[in-house]
Amino acid sequence: MFACLPRLSDVTGKSTNLLYRFVFARNFAAHTDHLFDELPQRDLSALNSQLSSYLRSGNPNGTLALFLKMHRASSDLSSHTFTPVLGACARLSYPETGRQVHALMIKQGAETGTISKTALIDMYSKYGLLVDSVKVFESVEDKDVVSWNALLSGFLRNGKGKEALGVFAAMYREEVEISEFTLCSVVKTCASLKILQQGKQVHAMVVVTGRDLVVLGTAMISFYSSVGLMSEAMKVYISLNVHTDEVMLNSLISGCIRNRNYKEAFLLMSRQRPNARVLISSLAGCSDNSDLWIGKQIHCVALRNGFVSDSKLCNGLMDMYGKCGQIVQACTMFSAMPSKSVVSWTSMIDAYAVNGDGVKALEIFREMCEEGSRVLPNSVTFLVVLSACAHAGLVEEGKECFGMMMERYRLVPGTEHHVCFIDILSKAGDTEEIWRLVERIMIENNNRNLPCAIWVAVLSACSLNMDVSRGEYAAMRLMEETGPENASIYVLISNFYAAIGKWDMVEELREKLKKKGLVKAAGHSSLFI
DNA sequence: TTAGGGTTAG
């Protein structure tokens with residue numbers, strides 16, 4: 001299946017990942033489409049239209065299957081062929097396939113032009129490969145507002161809000177004429193960073209420039225909800241009353257729940273029959289707020305509207321019951337589910353883990369891994385399992401799971417997995433093993449400094465196990481990474497020195513903290529007595 | 001070629 005496509009390494013010298021090729025081939029084996037053979041004449045523009053049509057109708061597999069047939073039959077493909085194909089690759093999350101298509105574009109000279117390159121920027125950012133995305137952007141000769149927007153939304157999608165704002169500032173400097181797409185992404189960025197003033201400024205720009213407010217209005221409602229200003233969100237909604245739609249209303253309802261404005265939320269729900277999606281979002285709000293009573297009411301609304309067979313809604317309900325401490329109710333829902341997805345299993349494992357039953361969490365995990373369950377654990381599952389082991393002090397089990405993740409399931413541990421594993425090893429007093437792990441991660445990271453979270457975990461482990469030299473090294477690396485303005489890091493390092501009895505260092509750090517006028521944000525509990 | 005519901009698990 002893949003022999004007909006080149007590898008990006010053939011063109012650029014980069015390495016390829018065999019696993020992606022396996023996954024992709026397996027997926028395609030099930031997809032046999034006869035459209036190409038049935039077409040009376042293989043007109044390139046008609047086929048290109050069909051590629052786009054598959055993508056628009058939510059069938060990216062169809063786009064790729066047809067594309068492969070086109071490629072096998074003729075090497076004469078145009079840039080109009082590649083843009084929908086790149087969109088399909090991005091939708092299916094197979095980075096290696098996308099790279100292969102990119103390679104073919106380079107070979108055929110179809111990589112030029114703003115539109116093709118914008119599709120590449122978008123695809124790489126949807127894979128999370130921002131370095132590649134930026135590289136393509138830099139190579140665009142005639143950057144237009146769409147290519148800028150693709151870069152901006154790419155940063156936003158990958159949680160790089162500050163960088164996204166940087167792109168917006170650059171657009172301003174370069175005098176790019178911004179569009180509604182730009183404003184929409186910037187509003188979302190302000191929401192993700194929870195920056196009220198900047199968000200208000202964008203709101204003013206939206207109003208002054210008189211943009212179409214159906215989509216932007218929804219983004220504004222979400223923005224005000226995420227900064228906790230429901231009165232402003234409501235004002236936006238009311239000001240657009242004639243032009244509101246279901247999406248906007250759902251955004252408002254979910255915002256009301258998340259901000260505990262329950263009366264308004266249920267009033268809005270009573271005006272129009274809610275759909276499953278808004279109930280799922282509202283349940284997530286209840287989970288975050290640990291609000292069992294409201295969660296139960298939403299369960300009732302779901303029952304009244306006949307949504308209880310919706311598997312995603314069941315997952316949401318199960319998670320809500322688990323997070324609100326109702327493990328029996330969560331378990332009952334889990335058992336009753338006819339089809340359990342990886343999310344259902346992971347939610348159930350997490351429910352036991354957060355309620356302090358690490359042994360039971362592991363039992364469910366093992367059940368999931370049995371061959372009969374036919375659901376594979378993913379990286380979130382392992383994070384939940386490792387976290388359960390860390391909290392319950394299940395050292396051997398944690399080691400076994402960490403090994404299983406890489407060897408049996410071929411999953412690459414991320415920073416959060418490493419942090420959990422360091423915590424597990426710390427409980428076993430095994431700082432030697434922690435250090436071997438840190439050295440391995442550093443090699444994998446090409447000797448660049450590690451994420452702060454890793455050094456924080458190492459420092460905590462060294463405090464617990466009185467490992468002075470390694471702790472001092474971790475403290476040094478942490479300071480390098482965060483800079484001297486981070487009060488929490490000062491306190492953390494100071495606590496380490498206190499744990500090992502170096503009180504002169506504790507005093508020195510506290511003095512520095514005082515001189516700089518830094519204040520650590522106070523912790524708080526969400527429990528009310 | 002780029003945007004709207006933090007639809008479910010970390």
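Here is how names work: the chains are called A, B, and so on, in the same order as the sequence lines, proteins then strands, and each is numbered from 1.
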Rounded interatomic separation in angstrom, taking OH from A:Tyr224 and C1' from B:dG4:
16 Å
Length of the line joining A:Asn378:CG and B:dA9:C1', which is rounded to integer Å:
8 Å
Show every salt bridge (charged side-chain N to carboxylate O under 4.0 Å, His left out) that has at least one partner inside residues 315-333 of chain A, sequence neighbours left out.
A:Asp319-A:Lys323
For DNA chain B, find the residues of residues 197-209 of chain A with a heavy-atom distance under 4.0 Å and give them by number; none if there aren't any.
none
May I have all residue pairs that pass side-chain hydrogen bond (donor to acceptor under 3.5 Å, both in side chains) and include part of residues 307-318 of chain A, sequence neighbours excluded?
A:Asn315-A:Ser344
Could you verify whether a donor N or O on one side chain and an acceptor N or O on the other, from A:Ser147 and A:Asp144, lie under 3.5 Å apart?
yes
Please identify each residue that fulfils ring pair (Phe, Tyr, Trp, His ring centres under 6.0 Å) with A:Tyr237, with sequence neighbours left out.
none
In terms of heavy-atom contacts, A:Thr81 and A:Val85 come closest through O-CG2, 3.2 Å
Value in whole Å for how far the C1' atom of B:dT7 lies from CD of A:Glu246
12 Å
Residue pair A:Ser125 / A:Ser133, side-chain donor-acceptor N/O under 3.5 Å
no
Whole-Å gap separating P (B:dG4) and CG (A:Leu216):
11 Å
Within the structure, does a side-chain N or O atom of A:Thr182 lie under 4.0 Å from either OP1 or OP2 of B:dA3?
no
How are the rings of A:Tyr127 and A:Tyr124 set relative to one another: parallel (under 30°), tilted (30 to 60°) or perpendicular (over 60°)?
perpendicular
Length of the CH2-C1' vector between A:Trp148 and B:dT1, whole Å
16 Å
Could you note down all residue pairs passing ring-ring contact (aromatic ring centres under 6.0 Å, His included) where residues 214-233 of chain A supplies at least one of them, sequence neighbours left out?
A:His203-A:Tyr224
By side chain to side chain contact (heavy atoms under 4.5 Å, CB included) - contacts of A:Glu444 (at least two apart):
A:Arg440
Is it the case that the side chains of A:Asn378 and A:Thr381 hold a donor-acceptor pair, with the cut-off being a distance below 3.5 Å and no angle test?
yes
Which residue pairs pass the ring-ring contact (aromatic ring centres under 6.0 Å, His included) test with at least one member in residues 134-156 of chain A, sequence neighbours excluded?
A:Phe137-A:Trp148
Any pair with a residue in residues 161-181 of chain A that passes ring-ring contact (aromatic ring centres under 6.0 Å, His included), sequence neighbours left out, goes on the list, sorted by first then second residue, please.
none
Quick test of your reading: applying ring-ring contact (aromatic ring centres under 6.0 Å, His included), list the pairs with at least one residue in residues 310-332 of chain A, sequence neighbours left out, ordered by first then second residue.
A:His299-A:Tyr321
Students often get this wrong, so: under 4.0 angstrom with heavy atoms, is A:Thr118 touching a base, only sugar-phosphate, or nothing?
base
Looking only at side-chain atoms of A:Asp144, point me to the closest of B:dT1, B:dA3, B:dA9.
B:dT1
So A:Val214, base contact, sugar-phosphate only, or nothing? Heavy-atom distance under 4.0 Å.
base
Expressed in angstrom and rounded to an integer, what is the separation of A:Leu51 atom CG from B:dT1 atom C1'?
15 Å
Distance check: side-chain N/O of A:Lys188 vs OP1/OP2 of B:dG6, anything under 4.0 Å?
no
Do the side chains of A:Glu138 and A:Lys117 get close enough for a salt bridge, i.e. N-O under 4.0 angstrom?
no
Taking the minimum atom-to-atom distance to the side chain of A:Ser281, which one of B:dT7, B:dG4, B:dT1 wins?
B:dT7
Looking at A:Arg366 and A:Glu363, is there a salt bridge between them, counting it only when a charged N and a carboxylate O are closer than 4.0 Å?
no
Pick base, sugar-phosphate or nothing for A:Val384, based on heavy-atom distances below 4.0 Å to the nucleic acid.
sugar-phosphate
On the nucleotide B:dT2, are OP1 or OP2 found under 4.0 Å from the side-chain N or O atoms that A:Arg157 carries?
no
Taking the minimum atom-to-atom distance to the side chain of A:Ser251, which one of B:dT8, B:dT1, B:dG6 wins?
B:dG6
Which of the following nucleotides, B:dT1, B:dG10, B:dG4, is nearest to the side chain of A:Cys184?
B:dG4
Would the base of B:dG10 count as contacting A:Asp350 through its side chain, where contact means a donor and an acceptor less than 3.5 Å apart?
no
Which nucleotide in the list B:dT2, B:dG10, B:dG4 gets nearest to the side chain of A:Val215?
B:dG4
Separation between the P atoms of B:dT2 and B:dG6, rounded to whole Å
22 Å
Stretch residues 109-117 of chain A: residues that reach within less than 4.0 Å of DNA chain B through a heavy atom:
A:Ile115
Among residues 292-316 of chain A, which ones have heavy-atom contacts with DNA chain B below 4.0 Å?
A:Lys312, A:Asn315
A:Lys323 vs B:dG10: side-chain N/O to OP1/OP2 distance below 4.0 Å
yes
Protein-nucleotide distance (A:Asn275, atom CG; B:dT8, atom P), rounded to Å:
13 Å
Name the closest nucleotide to the A:Ser153 side chain, picking from B:dA3, B:dG4, B:dG6.
B:dA3
B:dG10, B:dT2, B:dT1: which one has an atom nearest the side-chain heavy atoms of A:Leu383?
B:dG10
Short of 4.0 Å, heavy atom to strand atom, which residues of residues 163-180 of chain A count as contacting DNA chain B?
A:Glu180
It should be established whether A:Ser222 places a side-chain nitrogen or oxygen under 4.0 Å from OP1 or OP2 of nucleotide B:dG6.
yes
Assess the side chains of A:Ser185 and A:Asn149: does a donor N or O sit below 3.5 Å from an acceptor N or O?
no
Whole-Å distance, A:Met248 CE to B:dT7 P, equals 16 Å
